[in-house]
Protein chains: 2
Amino acid sequence: MAAEDPLITELTDLAFHVSGRLQQGFNAIAAELDLTPVQAVALVNLRDPAPMRDLAGVLHCDASNVTGIVDGLERRGLVTREPAPTDRRVKHLILTDEGHRRRNHLMTEANTRAEALFNLPPADRRHLRDLLATIVNADQQHS
Amino acid sequence: MAAEDPLITELTDLAFHVSGRLQQGFNAIAAELDLTPVQAVALVNLRDPAPMRDLAGVLHCDASNVTGIVDGLERRGLVTREPAPTDRRVKHLILTDEGHRRRNHLMTEANTRAEALFNLPPADRRHLRDLLATIVNADQQHS
DNA sequence: GCAGATACTTGAGAATGTCAACTATCGAGA
DNA sequence: TCTCGATAGTTGACATTCTCAAGTATCTGC
């Protein structure tokens, strides 16, 4: 069993720190908009007329979980469920005007916070992107 | 309100992808060892004779939460609570032999998986570390 | 038209987290 | 010394997020 590589440990800690800070910022914006974290994630990842099942796919969770999340968004008047004309089992999720507003607010605010966090010279930002993309692409090959 | 910077969005997505994969691997190892994810995090972040309050600090959570987590670890025979001699309010957490074993297993397995994920030439690994460290250090200055 | 697959909902229950209230103990100052 | 405010830990109530199993409605292929 190989001794632990301190560089790997360091990279792991740094990766968690960065993503933790991003998440923390996102959750704070969500709370300002009277959304639970998961509701906010769902709102951002919603493509306008899309079946609930698609959202379950994006969120990597069970369909029954999506029912509850969408209940919350519907209760707040941000989305509506519309039966799909082509398949009556399917319900399409449609953003209301207020839903679009909060979604835009969430995305622009999250972008502002992320920009402050990734506070590097443009060349370093691109280099960081390339290094992370290499890792992610190799990882997706494997899966 | 500035239009969104696609590079920032990309960096955000990549950071979540990497940390998500790390977490997923860690949780899988925890499950093999009959530990919930949070119990495993607690086990790894335990410094051997330390008050429960310290663990709450490391985990960034309420003290009442730590009570339940430690209950689980104690039930599994991995830690014991020992009253601190200097301050009878305090209980020190002590790892049992089995606690040490699972802790080591967790850390080495997590390191192995992380090493496979951060599959880059050594120079790139160090460069990635430096870029992330710059971000994290600047962030900690601000807080 | 029937059998099996699919979309969504419901209900039970686990894991994680917060907050408020309580007990026990500590430390500092009148 | 005694008392008051702070601190460590626990408990109980509750919110959030998640999974699984079961049920309903609908679709598709034979």
Side-chain angles (χ1 to χ4, degrees), chain A residues 16 20 23-24 26-31 33-47 49-76 79-94, chain B residues 16 20 23-24 26-47 49-76 78-94:
Chain A
F16 277 124
Q23 194 158 58
Q24 192 176 319
F26 185 83
N27 291 354
I29 306 164
L33 293 176
D34 183 36
L35 295 170
T36 68
V38 177
Q39 284 167 2
V41 171
L43 193 60
V44 167
N45 288 89
L46 212 51
R47 281 306 161 263
M52 298 183 61
R53 182 136 293 268
D54 285 10
L55 191 51
V58 173
L59 301 182
H60 301 105
C61 73
D62 196 89
S64 64
N65 200 6
V66 173
T67 296
I69 296 168
V70 171
D71 284 350
L73 293 174
E74 203 172 28
R75 212 178 307 122
R76 287 166 172 77
V79 304
T80 57
R81 288 168 161 104
E82 303 285 349
T86 60
D87 184 341
R88 277 182 297 172
R89 292 171 302 178
V90 172
K91 293 177 186 169
H92 278 167
L93 300 175
I94 315 280
Chain B
F16 276 123
Q23 195 157 60
Q24 192 177 318
F26 185 82
N27 292 354
I29 305 164
E32 280 173 20
L33 294 176
D34 183 35
L35 294 169
T36 68
V38 177
Q39 285 167 1
V41 171
L43 193 61
V44 167
N45 288 89
L46 212 51
R47 281 307 161 264
M52 297 183 60
R53 183 136 293 270
D54 286 10
L55 191 51
V58 173
L59 301 182
H60 302 103
C61 73
D62 197 89
S64 65
N65 201 5
V66 174
T67 296
I69 296 168
V70 171
D71 283 350
L73 292 175
E74 204 173 26
R75 210 179 307 121
R76 287 166 172 75
L78 307 182
V79 305
T80 58
R81 290 166 158 105
E82 303 285 348
T86 60
D87 185 342
R88 277 183 297 172
R89 290 171 302 178
V90 172
K91 294 178 187 171
H92 278 166
L93 300 175
I94 315 279

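No experiment lies behind these values; they were computed from the predicted model shown.
Comparing dT11(D), dC8(C), dC20(D) against the side chain of K91(A) picks out dC8(C) as the nearest. Considering only side-chain atoms of M52(B), the nucleotide from dG9(D), dT9(C), dT19(D) that sits closest is dG9(D). Minimum atom distance to the side chain of R53(A) is reached by dA7(C), of the listed dC20(D), dA7(C), dT17(D).
Here N65(B) does not reach the OP1 or OP2 of dT16(C): none of its side-chain N or O atoms lies under 4.0 Å away.
Atoms NE2 (H92(B)) and P (dT7(D)) sit 17 Å apart, rounded to a whole Å. Per the geometry, CG belonging to D71(B) stands 11 Å off C1' belonging to dT11(D), to the nearest Å. In this structure, the CG atom of L93(B) is 11 Å from the C1' atom of dG9(D), given to the nearest Å. Taking atom CD1 of residue I69(A) and atom C1' of nucleotide dT19(D), one finds them 13 Å apart after rounding to whole Å. Remark: P of dT16(C) and CG of L55(B) are 13 Å apart, rounded to the nearest angstrom. Computed from coordinates, the N27(B) CG to dT16(C) C1' distance equals 12 Å when rounded to whole Å. In this structure, D62(A) atom CG and dG11(C) atom C1' are separated by 13 Å, rounded to whole Å. For L59(A) and dC8(C), the CG to P distance is 13 Å, given to the nearest whole Å.
The minimum heavy-atom distance linking N27(A) with P37(A) is given by the pair OD1-CB, 3.5 Å.
Using a cutoff of 4.0 Å between basic side-chain nitrogens and carboxylate oxygens, D34(B) and R76(B) are scored as salt-bridged.
Residue L73(A) holds its CG atom at 8.5 Å from CG of L93(A), rounded to the nearest 0.5 Å. A distance of 11.0 Å separates CD in E32(B) from CG in L35(B), rounded to the nearest 0.5 Å.
The side chain to side chain donor-acceptor pair (under 3.5 Å) pairs that include a residue from residues 62-71 of chain A are D62(A)-S64(A), D71(A)-R81(A), where partners are two or more places apart or lie in different chains.
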May I have the step-by-step check of side chain to side chain contact (heavy atoms under 4.5 Å, CB included) for V70(A) and M52(A), ending in yes or no? CA-CA 8 Å; V70(A) 171; M52(A) 298 183 61; 4.0 Å; yes
Check your understanding: Hey, mind stepping through I69(A) and V41(A) against side chain to side chain contact (heavy atoms under 4.5 Å, CB included) and telling me if it holds?
Key -> CA-CA 10 Å; I69(A) 296 168; V41(A) 171; over 6 Å; no
* To do: Any chance you could lay out the side chain to side chain contact (heavy atoms under 4.5 Å, CB included) test for L43(A) and L33(A), step after step, and finish with the verdict?
  => CA-CA 12 Å; L43(A) 193 60; L33(A) 293 176; over 6 Å; no
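At least one donor-acceptor pair closer than 3.5 Å links the side chain of Q39(A) to the backbone N or O of T36(A).
Residues from residues 80-89 of chain A placing a heavy atom under 4.0 Å of any atom in DNA chain C, listed by number, are R81(A), R89(A). Of the residues in residues 34-45 of chain A, not one places a heavy atom less than 4.0 Å from an atom of DNA chain C.
Comparing A50(B) and C61(A) along DNA chain D, the residue whose closest nucleotide (by nearest heavy atom) sits nearer the 5' end is A50(B).
Between the side chain of S64(B) and the base of dC19(C) there is at least one donor-acceptor pair of N/O atoms closer than 3.5 Å.
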